[in-house]
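Proteins come first, then strands; the chains are lettered A, B, ... in the order of their sequence lines, and each starts at number 1.
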Amino acid sequence: MTTTAQRQVEPRYDAVAIDRKWQERWERDRIYRVEDDDPRPKWFEMTMYPYPSGDLHIGHWYAMAPSDAHARFRRMQGYNVLHPIGFDAFGLPAENAAISRGVHPYEWTMSNVENMRRQLRSLGAIYDWDREVVCCLPEYYRWNQWFFIKLYEQGLAYRAKAPVVWCPSCQTVLANEQVLNGVCERCDTTITRRDFEQWFFRITDYADELLDFDTLDDWPDKILTMQRNWIGRSEGVEIGFDISDYGLEEREIRTFTTRIDTIFGVTFIVLAPEHPLVAKLTSASKRAEVEAYVEQARAASEIDRLSAEREKTGVFIGASARNRLNNEQVPIYVADYVLTTYGTGAVMGVPAHDTRDFEFARKYRLPIRTVIAPIEWNGREPEEAHIGPGFMTNSGAYDGMTDEEGAIAIANDVERRGWGHRAVTYRLRDWLISRQRYWGTPIPMVYCNECGVQPVPESELPVLLPEDAEFRPTGESPLAINEAFVNTVCPKCGGPGRRETDTMDTFMDSSWYMLRYCTPQFDGGPFEAETAADWMPVQQYTGGAEHAVMHLLYSRFFIKSLRDMGMLDIDEPFMRLFNQGVILGSDHEKMSKSRGNVVNPDDVVGQVGADAVRCFLMFIGPWDQGGPWSDEGINGVVRWLNRVWSLVEYDARELDAHPTDPVAVRDTQRVLHRTIRKCYDDLDKFKFNTSIAALMELVNHLSRVWNDQSVDAGTWRDCIENFLLILAPIAPHVAEELWERNGHAYSVHQQAFPIWDDDLAAEEEITLVVQVNGRVRDRITVSAGIGEDDARQLALDSQRVQAHVDGKTVRNVVYVPGRLVNVVVG
RNA sequence: GCCGAAGUGGCGGAAUGGUAGACGCGCCGGUCUCAAAAACCGGUGGGAUAAUAUCCCGUGUCAGUUCGAGUCUGACCUUCGGCACCA
């Protein structure tokens with residue numbers, strides 16, 4: 001649209017040339033090279049590395065530009081800052097590209113990396129490219145394999161059956177992303193699930209320690225809450241229901257409950273559809289019905305199964321179990337609202353005191369027996385489950401106790417009689433590492449008919465990902481058809497062996513990449529211990545909140561396991577965390593190709609330069625909230641940088657030709673020092689939008705005093721110099737150029753961040769707000785040092801106040817020092 | 001559905017429980033110009049009013065706490081992030 005194009009404000013300097021000039025100079029002079037032995041205190045500040053999807057999106061800039069500004073700020077505070085970059089280069093999209101376009105995942109990924117490197121350089125960040133990490137390269141992923149073997153040796157890696165999403169038509173494993181409304185995205189076939197032997201890491205061994213956030217200096221509370229809920233620690237009792245009548249190897253059904261006090265209210269037992277006892281206990285007459293139900297449950301997603309809204313379904317399996325506390329036989333059902341992955345995969349149904357059990361009992365006409373009497377219970381069957389406290393009833397010897405007392409007494413008795421024991425369960429599940437994919441790290445294990453599972457010897461690492469594989473679906477992992485890869489020798493006996501053909505989850509790569517940044521070229525191990533110990537832990541990590549639970553928990557687990565293997569002496573990888581928000585299209589919708597609202601940073605940077613884009617992204621709003629891109633909004637910062645340019649180019653000597661106004665000089669000093677203080681505090685806390693607003697106010701002030709010619713050249717030069725220093729981390733190219741034009745020595749990025757003077761920042765006068773009954777009625781300018789008595793008297797003497805007090809009694813006068821007086825009348 | 005957030009002018013947003021709307025966009029008016037753009041100067045929440053006097057209303061909705069609530073508490077509505085194979 002021509003109207004939009006006309007509205008675009010142009011920089012009054014050659015932004016593109018200045019970007020290029022300084023990027024080349026910084027590169028040539030290596031001013032951002034990070035030395036391990038630099039004597040300054042170390043500051044390791046990381047932003048989550050991007051997936052090389054092809055083009056750098058403005059969303060990447062939104063993550064990278066402010067984090068670079070913060071790292072630059074720390075650098076100017078005197079730290080030796082490591083602010084590295086890399087690429088999360090393994091993953092599904094590369095394989096999709098291979099299938100759809102016939103490009104090899106390696107070619108696709110590395111050409112994307114190449115393009116994104118160029119784009120990232122255009123940002124003008126302080127990345128030390130010698131420390132770049134690309135995790136699809138053997139020199140990186142060999143250490144994934146090395147770690148895998150270490151974890152295996154520690155007993156932290158194990159194999160077990162686990163379901164994968166399966167498309168029966170494509171004969172392939174699907175990622176959740178490839179399933180839309182329960183059908184395969186490629187062929188619309190309804191998906192099901194299949195059990196595969198897969199590798200897991202025992203993250204649950206660390207569940208309790210992962211709940212300890214005490215040493216994390218500064219993580220957002222919401223992330224800690226999400227992690228806490230994700231881990232989901234529950235204390236309760238594991239108790240068996242007797243099924244010895246069936247003559248099975250299993251003599252009981254183990255259930256987990258957090259409400260053992262309600263055990264006398266059990267009127268049924270529910271098994272998860274995947275529970276191994278389902279097949280064994282189902283009676284002949286029920287078999288067909290139960291099998292059909294189990295098959296149907298395999299197609300349902302967990303989100304649907306756990307939905308409280310969805311109608312509960314289940315099938316009676318034609319068997320019963322005995323509640324040992326009251327010797328009652330209760331029917332056994334299979335129902336998909338019970339999951340195998342939580343607790344024991346079996347629950348005791350207590351409809352009177354559990355909402356889901358209540359719904360289930362209503363639907364299948366099962367008895368509902370109150371055993372915890374609410375305070376004013378009328379003795380009738382309740383209208384809904386009573387979750388709250390009460391007194392034990394219908395519970396034999398425990399009647400009359402409170403529910404809390406009952407829970408303790410029953411747990412003690414259950415333990416004494418050997419029917420069960422107190423237990424803790426977690427919602428957190430072990431980390432499933434295996435992927436039936438090509439584009440990932442090969443799992444370095446060999447299967448031998450004689451020796452079983454054997455790790456590949458360290459000396460044979462890396463197990464290279466072969467170039468040729470079958471990306472099209474065959475029903476097996478893509479590597480399985482590669483005979484040369486699969487067939488090997490057993491590391492133990494030398495006989496024939498078969499390699500593991502699954503690859504690793506890409507969260508493996510991101511679990512330890514911060515360590516690789518410390519010593520990226522080291523080839524004696526994943527990292528060189530002493531140097532890594534100097535840098536680690538990461539002082540500040542920034543990235544999207546979408547990684548709140550998975551990546552951030554995996555990484556915490558990983559570091560703790562390395563610590564326990566003696567490789568590191570830290571408990572946590574990331575001391576501080578900040579989550580930026582999401583940048584939206586100018587239509588306030590999520591950016592997507594289909595909506596056509598995607599902003600290409602190359603285009604904008606080519607028009608207005610990197611600094612205007614950086615400034616605008618930081619100015620949109622609070623970084624953690626994200627916000628919409630705006631083609632018009634960016635005019636504001638372009639215009640501002642233009643004004644900055646003019647202001648700095650003025651010849652300060654002109655000022656000395658005019659008489660100075662001492663009040664204007666004092667005001668100007670105050671504005672400058674308040675700006676320094678404000679920016680120092682705000683940049684520290686990632687509050688870029690208000691820092692830039694404060695800098696704009698300073699520029700507005702300087703424009704006024706230039707027009708008035710009311711300050712002396714010395715005051716002016718002091719303002720300009722400090723202003724450029726504060727601008728440097730935000731707009732590094734323009735700041736550098738103006739620093740040079742202003743006659744200062746290269747480089748502005750090797751200067752210290754300015755410090756304010758509290759006396760110069762102080763206000764001499766304040767506005768005293770006077771309220772009557774909380775409503776503002778007057779504002780009085782008073783000396784900043786005014787005393788309480790004087791303030792109260794001034795307030796009461798105000799004519800505007802008296803007009804509102806007139807005829808009423810003054811009941812109270814509230815005084816807030818330096819701010820307001822509130823006269824309460826009635 | 002569950003877990004976690006967020007709702008303030010036409011728009012993005014600012015505001016240690018104490019002057020709601022800083023800063024910017026957009027818009028309106030002016031200066032400059034043959035004219036336009038740019039630049040610069042001024043105005044800009046709604047209503048009553050001749051008024052930049054004064055008063056009333058106003059931070060998603062409804063209650064509550066408080067001398068005082070955008071901010072704290074509870075319930076609800078809407079939008080967004082995550083839900084274990086997207087990364």
Side-chain angles (χ1 to χ4, degrees), chain A residues 6-7 9-10 12 48-51 53 88 90-93 96 164-165 173-179 220-223 225-230 232 301-310 341 427-432 434-437 505-507 510 544-551 553-554 579 581-582 584 586 588 590 616 619-622 624-637 639-640 642-643 646 689-690 692-697 700 703 707 767-776 778-779 800 803 811-814 816 819-826:
Chain A
Q6 278 167 0
R7 281 187 189 145
V9 175
E10 300 276 326
R12 68 173 49 150
M48 290 176 189
Y49 65 171
Y51 179 79
S53 51
D88 186 12
F90 271 139
L92 186 64
N96 288 339
V164 294
V165 180
V173 175
L174 297 178
N176 288 337
E177 193 190 47
Q178 297 171 303
V179 182
D221 285 338
K222 64 167 185 168
I223 302 291
T225 305
M226 279 191 261
Q227 291 207 349
R228 194 177 293 115
N229 293 338
W230 183 261
S301 77
E302 250 176 53
I303 292 174
D304 287 341
R305 282 175 60 170
L306 286 171
S307 168
E309 203 89 314
R310 180 165 166 264
T341 51
R427 210 188 72 95
L428 178 71
R429 312 203 284 254
D430 276 339
W431 176 8
L432 174 61
S434 304
R435 296 292 181 270
Q436 294 71 40
R437 297 272 168 68
D505 178 9
T506 58
F507 279 126
S510 53
E546 68 272 19
H547 291 298
V549 283
M550 304 185 63
H551 161 56
L553 264 182
Y554 292 145
N579 295 117
V582 178
L584 304 172
S586 48
H588 295 215
K590 204 173 153 179
F616 180 59
F619 186 63
I620 287 176
D624 54 349
Q625 279 176 35
W629 176 263
S630 164
D631 292 321
E632 288 174 338
I634 197 169
N635 284 339
V637 292
R639 212 170 270 151
W640 177 62
N642 282 343
R643 295 178 70 193
S646 305
N689 58 326
T690 47
I692 293 174
L695 287 173
M696 286 176 170
E697 286 184 77
N700 291 344
S703 296
N707 288 344
T767 302
L768 185 70
V769 171
V770 185
Q771 300 181 331
V772 178
N773 286 350
R775 315 192 66 132
V776 179
D778 203 358
R779 297 177 174 91
R800 291 182 184 145
R811 303 205 182 273
N812 192 12
V813 178
V814 179
V816 182
R819 284 199 169 268
L820 66 68
V821 176
N822 185 16
V823 181
V824 185
V825 299

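- Side chains of A:Thr767 and A:Arg779: no donor on one and acceptor on the other come within 3.5 Å.
- A ring-centre distance under 6.0 Å is not found for A:Trp640 and A:Phe619.
- Between the base of B:rC85 and the side chain of A:Arg437 there is a donor-acceptor pair shorter than 3.5 Å.
- A:Val825 meets the side-chain contact (heavy atoms from CB on, under 4.5 Å) test with A:Val772, A:Asn773, A:Val805, A:Lys808, A:Val810, A:Val823; sequence neighbours excluded.
- The residue A:Trp230 sits close to a base: some heavy atom pair falls under 4.0 Å.
- The side chain of A:Arg435 places an N or O atom within less than 4.0 Å of a non-bridging phosphate oxygen (OP1 or OP2) of B:rC85.
- At the heavy-atom level, A:Asn700 lies under 4.0 Å from the strands shown only through sugar-phosphate atoms.
- Between B:rG82 and A:Lys222, no contact under 4.0 Å exists linking OP1 or OP2 to a side-chain N or O.
- OP1 and OP2 of B:rC67 both lie 4.0 Å or more from every side-chain N or O belonging to A:Arg811.
- At the phosphate of B:rC57, OP1 or OP2 sits under 4.0 Å from a side-chain N or O atom of A:Arg775.
- In terms of phosphate contacts, A:Asn229 brings a side-chain nitrogen or oxygen within less than 4.0 Å of OP1 or OP2 of B:rG4.
- Residue contacts shown for A:Arg427 include a base, since a base heavy atom lies under 4.0 Å away.
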Secondary-structure notation, RNA chain B, from Watson-Crick and G-U pairs under 3.5 angstrom (| other strand)
(((((((..(((.....[....)))((((((.......))))))((((.....))))..(((((..]....))))))))))))....
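- Both A:Val816 and A:Leu92 lie close to RNA chain B; mapped to their nearest nucleotides by heavy-atom distance, the more 5′-ward contact belongs to A:Val816.
- Heavy atoms of A:Gln178 sit nowhere under 4.0 angstrom from any nucleic acid atom.
- Among the heavy atoms of the strands lying under 4.0 Å from A:Tyr51 are primed sugar atoms or P, OP1, OP2 only; no base atom is included.
- Counting any heavy atom pair closer than 4.0 Å across all strands shown, A:Val776 reaches sugar-phosphate atoms only and no base atom.
- Residue contacts shown for A:Val813 are absent, as no nucleic acid heavy atom lies under 4.0 Å away.
- Of the options A:Tyr49, A:Tyr554, A:Phe90, a side-chain contact (heavy atoms from CB on, under 4.5 Å) to A:Ser510 is made by A:Tyr49 and by none of the others.
- A salt bridge does not link A:Arg427 with A:Glu302: none of the charged nitrogens is closer than 4.0 Å to a carboxylate oxygen.
- Of the two residues contacting RNA chain B, namely A:Ala694 and A:Arg800, the nearest-nucleotide position lying further toward the 5' end is that of A:Ala694.
- As judged by a 4.0 angstrom heavy-atom cut-off over every strand, A:Ser630 is placed among residues making no nucleic acid contact.
- Across all strands, A:Ile692 comes closer than 4.0 Å to no nucleic acid atom at all (heavy-atom distances).
- The side chain of A:Asn689 contributes an N or O atom lying less than 4.0 Å from OP1 or OP2 of B:rA14.
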